[in-house]
Amino acid sequence: MINRRQWLYGVGALAGAAAQPGGVPPSGAKQPEQARPYPLNLSDFVPTSMLQVPEKRVERARFPLIDFHTHITMSANSQSGVALTSDRKFLGTTEELLPVMDRKNIRAMVNLTGGYDKGLGETIARYDRAFVGRFYTFTEPCYERWKEPNYPQVQVQAIEQAFRQGARGLKILKTLGLYLRENIASGELVKIDDPRFDPMWDACGQLNLPVAIHVSDPLAFFTPTDRFNERYEELNNHPDWSFYGRDFPSNAELLAARNRVIARHPKTQFVVLHVGNFAENLANVAENLDRFPNMSVDIAARIGELGTQPRTARRFFETYQDRILFGTDATPHGDQFPQQVFNDQLYEIYYRFLETDDEYFDYAPAKIPPQGRWRIYGINLPETILGKVYFENAARQLKVAS
Ligand SMILES: [Zn+2]
């Protein structure tokens with residue numbers, strides 16, 4: 001019989017050594033150094049979970065779905081985070097996308113970054129018009145004309161033109177609030193609720209175009225990139241994603257400015273992306289959903305946050321089941337961002353999160369969790385909620401018949 005202390009310090013240590021892959025001496029060999037703690041680079045640490053629980057593979061979504069948040073095209077020229085041309089980079093062809101969509105039960109993809117003017121027209125021709133009902137494209141503000149004195153009117157005309165071209169909504173990247181400055185790349189940051197954008201929000205309301213808006217970023221991006229930061233590796237890999245210091249507003253200031261816009265334009269529908277850009281605080285998102293009937297959210301690139309709080313997340317889905325949209329942030333060939341790379345594996349993870357009660361699994365197809373060192377739990381939604389989240393809530397915003 002061993003006591004607890006012996007177990008902790010004796011047997012436990014042996015079991016730990018035996019579990020180490022590679023470099024472990026055959027049993028009986030005496031290697032006293034191996035028993036001592038030794039430094040290990042965080043990037044070399046790839047622990048294997050010893051947990052043995054059922055694993056379910058969900059190859060196809062339970063219902064045909066609309067992925068409300070993808071990036072099939074993007075601006076061909078951006079400076080200091082501001083897109084400055086209507087020209088598009090085409091990230092994936094329909095020949096590549098459609099077979100994955102068919103395998104995964106994706107009826108349609110919403111390409112949020114369709115740009116405006118010529119680039120928007122080309123995008124709609126290549127995707128939306130070539131495969132009707134499979135692709136929907138959103139327009140974006142033309143910040144390259146921001147310096148023109150009549151920008152508010154120019155922007156309204158651009159929205160009207162985009163609507164005539166076939167755009168299904170307006171996308172706002174975090175450019176607004178975090179990158180766009182008075183002189184585009186220099187001067188003071190332009191605020192999200194700057195009145196020069198008011199006519200644009202109103203035009204969307206009048207034309208019945210939903211606004212997919214991304215403001216701010218994970219809370220950890222506003223804190224120092226140090227050993228206390230839960231997303232240290234992610235920020236270390238992408239130092240330009242940090243909004244800590246300099247003249248950046250706080251997360252709270254950004255969300256407050258966004259809320260003022262939503263409040264000021266009650267006839268405009270706002271789909272606040274990435275779980276209202278505050279997946280770490282669902283109570284806050286719920287409070288805003290209660291305040292603003294014209295607000296919905298998508299879940300793109302945030303199952304990492306939702307899946308660490310499966311009980312709170314499930315209650316959130318139950319309460320707001322009519323206002324949560326399925327989205328992934330999927331980007332064809334976006335291999336450097338595994339949490340949003342467009343492939344079969346990514347969709348299977350989302351389906352597993354939404355449809356099963358599996359425990360402690362990876363939220364991204366990657367050896368090392370790319371957003372933070374944790375794993376997630378499924379929330380096992382009932383079919384009634386799945387149908388709404390996968391399809392109906394997005395169909396309503398896009399005016400698509402089911
Ligand atoms: Zn996105």
Side-chain angles (χ1 to χ4, degrees), residues 65-76 78 81-83 88-92 97 101 106 108-116 119-120 123 127 135-141 143 167-180 192 209-219 221 231 234 238 240-241 243 251 254-255 258 270-280 285 295-306 324-343 346-347 349-350 363-365 370-371 389 393-394 397-398:
L65 64 82
I66 298 174
D67 186 341
F68 191 79
H69 189 150
T70 75
H71 300 283
I72 305 174
T73 60
M74 62 180 278
S75 172
S78 291
V82 185
R88 296 290 93 187
K89 239 193 270 182
F90 297 92
L91 305 175
L97 302 174
M101 292 167 70
I106 301 164
M109 285 172 76
V110 176
N111 173 29
L112 292 177
T113 33
Y116 47 91
L120 176 69
T123 302
Y127 299 93
F135 300 98
Y136 299 103
T137 296
F138 275 37
T139 186
E140 296 174 274
Y143 295 123
R168 304 303 284 258
L170 169 70
K171 165 74 196 275
I172 303 295
L173 292 164
K174 62 189 169 198
T175 307
L176 192 51
L178 286 169
Y179 293 110
L180 180 69
I192 297 158
L209 292 174
V211 177
I213 183 167
H214 174 168
V215 304
S216 191
D217 251 341
L219 210 45
F221 289 12
R231 303 173 78 122
E234 184 182 28
H238 307 283
D240 54 320
W241 290 4
F243 297 112
N251 177 61
L254 291 164
L255 298 188
R258 176 204 69 194
F270 291 88
V271 181
V272 187
L273 305 173
H274 307 300
V275 197
N277 271 114
F278 209 179
E280 300 92 335
V285 183
M295 170 180 167
S296 326
V297 299
D298 86 355
I299 61 167
R302 292 296 180 274
I303 56 168
E305 285 78 8
L306 293 171
I324 302 171
L325 282 64
F326 179 85
T328 57
D329 222 352
T331 307
H333 305 290
D335 307 273
Q336 66 278 44
F337 314 113
Q339 68 274 21
Q340 60 182 94
V341 62
F342 175 81
N343 63 25
L346 181 83
Y347 284 97
I349 294 172
Y350 272 78
Y363 58 78
Q371 294 171 290
V389 170
N393 297 341
Q397 294 288 343
L398 298 165

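As the structure lists them, so they are numbered: ligands from 1, and atoms in each ligand from 1.
Neighbouring protein atoms of the Zn ion (ligand 1) (N, O or S, distance under 2.8 Å, waters ignored): His69 NE2, His71 NE2, Asp329 OD1.
Summarising the geometry of Gly114 relative to Glu140, their closest heavy-atom pair is N-OE1, 3.7 Å, with the distance given to 0.1 Å.
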Step-by-step side chain to side chain donor-acceptor pair (under 3.5 Å) determination, His71 to Asp329
CA-CA 7 Å; His71 300 283; Asp329 222 352; 2.8 Å; yes

Start with the C-alpha distance between Trp241 and Asp217, add both sets of side-chain angles, then the distance that settles side-chain contact (heavy atoms from CB on, under 4.5 Å), and finish with yes or no.
CA-CA 9 Å; Trp241 290 4; Asp217 251 341; 5.7 Å; no

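In this model, no donor atom of one side chain and acceptor atom of the other lie less than 3.5 Å apart for Asn277 and Ser216.
Between the side chain of Thr73 and the backbone N or O of Thr113, at least one donor-acceptor pair lies under 3.5 Å. Within the 3.5 Å criterion, the main-chain N or O of Leu219 finds a donor-acceptor partner in the side chain of Glu280.
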